[in-house]
Each structure stands twice: as structure tokens, then as C-alpha cells.
Amino acid sequence: MIFHVRMDVDLPTDLDPQQRDEMVAREKRYSQELQRAGKWPHIWRIVGEYANYSIFDVESNDELHQILSGLPLFPYMVIEVTPLAKHPSDIRD
């Protein structure tokens, strides 16, 4: 199952800088593990925002939920998920 996901991050301004740096480093490691595993094949930064557009390729809605809720920054995110289906005009099979 393919999903388009927008993630907007809103970290508290009073968050301890060391805690912030550690959380961001854990987020990077976690996301790169998922990318290497093929579960998170695409990620793009949205220019001028602390946000990204991503494509996930997972087995189920539940797997996507588990992955997203496992993100270290999850408590500070607003996430929009759009399920995708093959378009009949797509020339790739």
C-alpha cells in the first residue's frame, strides 16, 4: 500500500536544546532505517517550513500508523495521510 504523508513539526520553543538535538538525531536514524528497508522510499523537505512530504510503501494502515507513531518527533507533529492507488493512465506497470 502506498501513502502520501505530509508531516509538519512544531517543537516547543522552550524545549531544552540538548534534548531537541538528541530527539532530532534519533528521528534521523529511525527515518534512515525505514528508508533503507524500503518502507519510506521518498522524502522531500517543504521549502521554508519545518515539514516534509513523504511516500511510504507498507503492508497495511496499521503498519503505517505504527511507523508514524514511532517517530521520535511524533508528539510534535501534525500528520496528513493520503492513500494512493495506481492511476489508469500511468505508463509504468
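Fair warning: this is a prediction, and the values are worked out from it, not measured in the lab. Reckoned from all heavy atoms, side chains included, excluding hydrogens, waters and symmetry mates.
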### Query
Does Ile2 belong to the same Ile/Leu/Val/Met/Phe/Trp/Tyr cluster as Leu68, with side-chain heavy atoms less than 4.5 Å apart forming each link?
no
### Query
By the rule that ILVMFWY residues connect when side-chain heavy atoms come within less than 4.5 angstrom, directly or transitively, which residues belong alongside Val78?
none
### Results of side-chain hydrogen bond (donor to acceptor under 3.5 Å, both in side chains) for Asp90 - residues two or more places apart only
Arg92
### Query
Are Ile55 and Ile46 co-members of a hydrophobic cluster defined by side-chain heavy atoms under 4.5 Å apart?
yes
### Task
Could you note down all residue pairs passing salt bridge (Lys or Arg N to Asp or Glu O under 4.0 Å) where residues 44-61 supplies at least one of them, sequence neighbours left out?
Arg6-Glu49
### Sequence-distant partners of Pro17, side-chain contact (heavy atoms from CB on, under 4.5 Å), two or more places apart
none
#### Entry: Aromatic centroids of Trp44 and Tyr53 separated by under 6.0 Å
no
### Message
Among residues at least two apart in sequence or on other chains, which ones pass ring pair (Phe, Tyr, Trp, His ring centres under 6.0 Å) with Phe3?
### Response
none
### Task
Under the side-chain hydrogen bond (donor to acceptor under 3.5 Å, both in side chains) rule, collect the residues that match up with Glu22, sequence neighbours excluded.
Arg26
### Query
How would you list, by chain and number, every residue that makes a ring pair (Phe, Tyr, Trp, His ring centres under 6.0 Å) with Phe74, sequence neighbours excluded?
none
### Message
Under the side chain to side chain donor-acceptor pair (under 3.5 Å) definition, can you give me all pairs with a residue in residues 60-73, not counting sequence neighbours?
### Response
Lys39-Glu63
### Message
Just so I know, are the side chains of Asn52 and Val5 near enough to count as touching, which here means a heavy-atom distance under 4.5 Å?
### Response
no
### Message
Hydrophobic cluster membership, with links at side-chain heavy-atom distances under 4.5 Å among I/L/V/M/F/W/Y: are Ile79 and Met1 in one?
### Response
yes
### Message
Quick test of your reading: applying salt bridge (Lys or Arg N to Asp or Glu O under 4.0 Å), list the pairs with at least one residue in residues 64-89, sequence neighbours left out, ordered by first then second residue.
### Response
none
### Query
Is there side-chain contact between Met7 and Leu71, with heavy atoms separated by less than 4.5 Å?
yes
### Message
I'd like to check the side-chain contact (heavy atoms from CB on, under 4.5 Å) partners of Asp10; sequence neighbours left out, ordered by chain and number.
### Response
none
#### Entry: Same apolar cluster (I L V M F W Y, side chains within < 4.5 Å links), Val81/Met77
yes
## Note on the structure
So the side chain to side chain donor-acceptor pair (under 3.5 Å) pairs with at least one residue in residues 28-38 (sequence neighbours excluded) are none
### Summary
side-chain contact (heavy atoms from CB on, under 4.5 Å) filter on Thr82, not counting sequence neighbours, yields His4, Leu84
